Every structure is written in structure tokens, then in C-alpha cells.
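Reviewing the structure listed below.
In this text, all values refer to a predicted model and were calculated from it rather than measured experimentally.
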Amino acid sequence: NSIVPKGRTVVNLEPQTSLEAERLGFELEQTGQEAVAEAIAKAKASGVGVYYLDADGVLIMELPDGRRFKVENDSPNG
């Protein structure tokens, strides 16, 4: 009897070579990007805006219609 649930796959996350480590890193990054893109699409389809940091580290709010706004902190506490 296996402890792995039926329909699940076990992946060795301990790469044996630097090439395997690079491949695993690439696959994890790609999987993460796909998951984020899917979550953003679902949010927009539900009429919900999303927040993210742009390439310059600026906080952006994007509405489902594609309009984007820079979010500024007006709090006296920063």
C-alpha cells in the first residue's frame, strides 16, 4: 500500500546535478506564473480588480476593464 493518494505524483525536489536544479527552478517558475495568470483571469472575470507590483516595484491596481492605477499610501504612518 502506497502513502501517495491515488492520482497524485511524487516529484523528487532534491536535484542531483546543477542542470537538474536549473530545470526544476525553471519548471517551478513557469508553474507559478501560470497559476498567477489563471488567478488574475478568474478575478477579472468575476469583476474584481487585482493589485500587483510592476517592474519598478510600484503598487498597481488593475481593474477588470484593463485600466491601471498607481496606488499611493496617504497614511500618516507611511
Side-chain angles (χ1 to χ4, degrees):
N1 291 337
S2 174
I3 62 170
V4 179
K6 188 174 185 174
R8 300 290 179 161
T9 302
V10 176
V11 177
N12 180 4
L13 295 180
E14 297 182 23
Q16 304 301 312
T17 67
S18 61
L19 183 58
E20 287 178 354
E22 186 176 338
R23 180 189 54 79
L24 179 60
F26 175 78
E27 288 178 7
L28 289 173
E29 183 175 347
Q30 186 175 16
T31 300
Q33 289 175 353
E34 290 169 1
V36 168
E38 182 178 337
I40 289 171
K42 285 181 179 181
K44 288 182 175 182
S46 298
V48 177
V50 295
Y51 291 80
Y52 57 88
L53 295 177
D54 70 6
D56 297 321
V58 176
L59 182 59
I60 302 294
M61 174 185 66
E62 184 172 340
L63 299 179
D65 64 8
R67 291 181 293 153
R68 297 177 185 161
F69 301 90
K70 177 181 175 183
V71 178
E72 297 181 354
N73 186 355
D74 294 333
S75 169
N77 298 327

Distance-only criterion, 3.5 Å: show the donor-acceptor pairs between side-chain atoms of residues 39-51 and protein atoms not counting sequence neighbours.
| residue | atom | partner | partner atom | Å |
| --- | --- | --- | --- | --- |
| Lys42 | NZ | Glu38 | OE2 | 3.2 |
| Lys44 | NZ | Glu62 | OE2 | 2.5 |
| Ser46 | OG | Lys42 | O | 3.0 |

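Residues Tyr52 and Leu63 do not share a hydrophobic cluster, defined by chaining ILVMFWY side chains whose heavy atoms lie under 4.5 Å apart. No single ILVMFWY cluster, assembled from side-chain heavy atoms under 4.5 Å apart, contains both Val36 and Leu53.
A donor-acceptor pair is defined here as one N or O able to donate and one able to accept, closer than 3.5 Å; no such pair exists between the side chain of Asp56 and the backbone of Val58.
Rounding to the nearest 0.5 angstrom, the gap separating the NZ atom in Lys70 from the CG atom in Leu59 is 10.0 Å.
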